[in-house]
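What follows is one structure encoded as C-alpha cells, with my remarks underneath.
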Amino acid sequence: MRNFDYCNPTRIIFGKGETDRVGKECQKLGKKVLFIYGGGSIKQNGLYDRIMKHLQEEKLVVYELGGVKPNPRIDKVREGVAICKKEKIDLVLAVGGGSVLDTGKIVAAGAIYPGDPWDFFIDEHKIPGKIPLVTVLTLAATGSEMNHNAVITNEETLEKLGTHNPHLYPTLSILDPENTYTVPRDQTVNGIVDMMAHVFEQYFHPFPETPLQDRWAEGLMKTIIEYTPRVLQNPTDYDGRAVIMWCGTMALNHLLEEAGGGGEWTCHPIEHVLSAVYDIPHGAGLAIIFPQWMKYVLDVIPHKFTQFAERVWEIPRANKSDQELGLAGIERTREWFREIGAPTTLREAGIGEEKLTEMARMAVKSGNLGVTKVLDEKDVEEILRMSL
Ligand code: NZQ
Ligand code: ZN
C-alpha cells in the first residue's frame with residue numbers, strides 16, 4: 001500500500017430537517033452572504049423560501065446569484081466574484097447540485113484573488129484560499145459537497161476544465177436527503193451513473209495491495225446498485241434517498257484514492273470534452289464511455305476485472321477464462337446502465353462521428369491520460385469510436 005497524507009476538512013451535517021440550521025450556521029461565519037443557486041428548481045420546490053427565511057431570521061444581509069446552468073460557465077463565476085468584491089461579501093452559500101457547488105467554490109476563491117478566476121483552471125496553484133463556503137446539496141451525484149474539485153466551462157474556448165486544490169473543500173455542507181425528492185428521474189439516473197463512475201475511476205487502477213480500499217469501493221458499488229431501484233420507483237423514499245446521497249459523497253471525497261488507494265481519471269476528462277462540445281449531462285456521457293474504456297484496458301489488469309465481476313456482480317467463474325469473466329462484468333455494467341435508463345451509445349445521445357478526432361485531440365491537450373494504460377490521442381479516438 002502506498003504512503004499517504006490525507007485530510008478532509010469539510011464539516012458535514014446530515015439528515016432530515018437539517019436544512020433549518022442553515023441560518024445559524026451561516027451567521028457564525030459572517031454577516032454578508034452571497035446566495036448562489038441554479039435555474040429555478042429551488043424556487044419551485046420551496047427550498048429558496050425556506051432558506052431565505054432562516055437567513056433573514058439571523059439578520060444576514062443577502063445578495064443573490066441565480067441562474068447557474070448545468071455545465072456551469074465561467075461568466076457566471078465572474079459575475080459572482082464581482083459581487084463579492086464590490087459588496088465585501090463574507091461568505092458564499094451555494095444551494096444546488098454539482099454545477100452550483102462548483103460555481104460557489106470558484107466564486108469563494110475568486111473573491112480573494114486579484115486576477116481572473118479562469119487562471120485557476122490553467123494553474124491550480126493560483127488558488128489563493130477562499131472566503132467561507134457553505135453548501136446545501138440538492139442532487140446526489142458529484143461529491144462536490146465534500147471534495148476539493150471544481151469543473152467549469154469556458155464557452156469562448158469551448159473548454160470544460162477541472163481544477164483541484166485543498167482550499168476548495170467547502171467549510172460546511174448540509175446534506176438533507178429530503179432536498180433531493182424533487183430531482184427528476186433522468187437527473188437521478190445521471191447522478192447515480194456519476195457516483196458509480198467515480199468509484200470506477202478509483203477502483204480500476206494498477207496499484208497492488210489495496211484490499212481495504214477495494215472493499216470500500218465494492219461496498220459503495222453494491223449499495224448503489226441495491227438502492228437505485230428504490231429511488232427510481234419511489235422518489236420520496238427517505239432512506240433510499242439518504243443512502244444514495246451518502247454514497248455519492250463517499251464516492252468522491254477522495255478517501256478511496258488518497259488514503260492509500262489509486263486513481264485512474266481517464267473517462268472523466270474524455271467526458272468533459274463531450275459535455276463541452278455537445279452540452280450533454282455529465283452522467284450520460286460517462287455511461288457511454290466507461291464500458292468501452294473498460295474493454296480497452298481489460299487485458300492490462302485482468303485480475304481487477306475478474307474481482308469486479310465476481311464480487312460486485314456476483315457472476316460465477318464457472319469455466320470462464322479471466323478475459324471471459326472480466327468481459328461478463330463489463331457487459332453486466334453496460335446492461336445495468338441501460339436498465340436504469342442511461343444512454344450507452346453516442347448515437348443515442350445524438351452524437352455522430354463528425355467530431356471524434358477533434359474531441360480526442362482536445363482530451364489530451366494537457367497530456368496523455370491515465371495510469372493503467374496511458375492513453376494518447378489515437379487511443380482516445382478509438383474509445384470514442386467504440387462508443388458510437
Ligand atoms: O438548475 P436547477 O433549476 O437547480 O436544476 C438542476 C439542473 O437542471 C436540477 N436539480 C438539481 N437539484 C434539483 C434539481 N431539480 C429538481 N429538484 C432538485 N432538488 O438538476 C439539473 C442538473 O444539475 P447539476 O448541478 O448540473 O448536476 P450535477 O450535480 O450532476 O453536477 C454536474 C456538474 O458537476 C461536474 C460535472 O462535470 C457537471 O458540470 N462535476 C463536478 C465534480 C466535482 N466538483 O467533484 C466531479 C464530477 O465528476 C463532475 O465532473
Ligand atoms: Zn463525475
Side-chain angles (χ1 to χ4, degrees), residues 10 19 36-48 50 65-74 76-77 94-106 121 133 135-154 159-165 168-170 173 175-202 231 235-236 241 244-245 248-249 251-254 257 263-276 279-287 289-290:
T10 300
T19 304
I36 304 183
Y37 51 91
S41 70
I42 67 163
K43 290 203 170 161
Q44 280 154 23
N45 65 17
L47 186 58
Y48 172 89
R50 183 175 172 192
L65 182 74
V68 172
K69 291 186 186 157
N71 297 326
R73 315 299 200 264
I74 191 67
K76 191 50 95 174
V77 171
V95 181
S99 296
V100 171
L101 270 52
D102 287 359
T103 301
K105 287 175 173 181
I106 301 301
F121 295 87
L133 169 67
T135 84
V136 177
L137 183 68
T138 66
L139 197 171
T142 62
S144 185
E145 62 276 13
M146 200 183 180
N147 73 34
H148 57 332
N149 313 326
V151 186
I152 300 288
T153 296
N154 185 331
E159 286 172 298
K160 180 177 178 182
L161 297 181
T163 189
H164 58 93
N165 182 298
L168 296 183
Y169 282 105
S173 287
L175 274 53
D176 183 337
E178 288 185 322
N179 289 335
T180 66
Y181 282 176
T182 54
V183 178
R185 187 184 173 98
D186 58 343
Q187 293 298 348
T188 301
V189 168
N190 289 336
I192 284 170
V193 172
D194 191 25
M195 60 182 83
M196 197 72 167
H198 294 157
V199 184
F200 293 161
E201 296 272 21
Q202 300 164 92
V231 296
T236 57
R241 289 289 196 181
I244 288 291
M245 190 176 222
T249 306
L252 194 50
N253 63 6
H254 294 289
E257 175 179 6
E264 182 61 29
W265 302 107
T266 43
C267 292
H268 267 72
I270 299 174
E271 194 298 310
H272 287 162
V273 174
L274 272 184
S275 305
D279 201 15
I280 63 166
H282 175 58
L286 289 168
I289 294 165
F290 236 113

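We count ligands from 1, going down the list as the structure has it; atoms in each ligand are counted the same way.
In the candidate list V95, T142, T138, T142 is nearest to atom 42 (C) of ligand 1, counting heavy atoms.
Proximity to D194 (heavy-atom distance under 4.0 Å) selects the following atoms of ligand 1: 47 (C), 48 (O). Every atom of ligand 1 with a heavy atom of K160 under 4.0 Å away is listed here by number and element: 36 (C), 37 (O), 38 (C), 39 (O). Atoms of ligand 1 lying under 4.0 Å from any heavy atom of G39, numbered from 1 in the order shown and given with element: 1 (O), 2 (P), 3 (O), 4 (O). Those atoms of ligand 1 with a heavy atom of P72 less than 4.0 angstrom away are 39 (O). Atoms of ligand 1 lying under 4.0 Å from at least one heavy atom of A141, given by number and element, are 29 (O), 30 (O). Against a heavy-atom cut-off of under 4.0 Å, N179 is close to the following atoms of ligand 1: 19 (N).
Residue L252 has no nitrogen or oxygen atom sitting less than 3.5 Å from a nitrogen or oxygen atom of ligand 1, judged on distance alone. Ligand 1 has an N or O atom lying under 3.5 Å from an N or O atom of H198, backbone or side chain. Looking at H268 next to ligand 1, an N or O pair under 3.5 Å apart turns up. Annotation: G40 places an N or O atom under 3.5 Å from an N or O atom of ligand 1; distance criterion only.
Using a 4.0 Å cutoff on heavy atoms, H272 counts as a contact of ligand 1. Heavy-atom separations between G191 and ligand 1 are all 4.0 Å or longer. Heavy-atom distances between A197 and ligand 1 stay at or above 4.0 Å for every pair. Taking a 4.0 Å cut-off on heavy atoms, N190 fails to register as neighbouring ligand 1.
In this structure, CG in L139 is found 9.0 Å from OG1 in T182, a value given to the nearest 0.5 Å. We find the OG-CG distance between S275 and L286 to be 7.5 Å, quoted to the nearest 0.5 Å. Remark: D194 CG to Q187 CD distance equals 11.0 Å, nearest 0.5 Å.
Rounded to 10°, the angle formed at the Zn ion (ligand 2) by H268 NE2 and D194 OD1 is 120°.
In the model, N71 has no side-chain atom that pairs as donor or acceptor with a side-chain atom of T153 under 3.5 Å.
For atom 6 (C) of ligand 1, no protein heavy-atom neighbour is present inside the 4.0 Å cut-off.
Using modelled atom types, one side-chain atom of Q202 and one backbone atom of A251 make a donor-acceptor pair closer than 3.5 Å.
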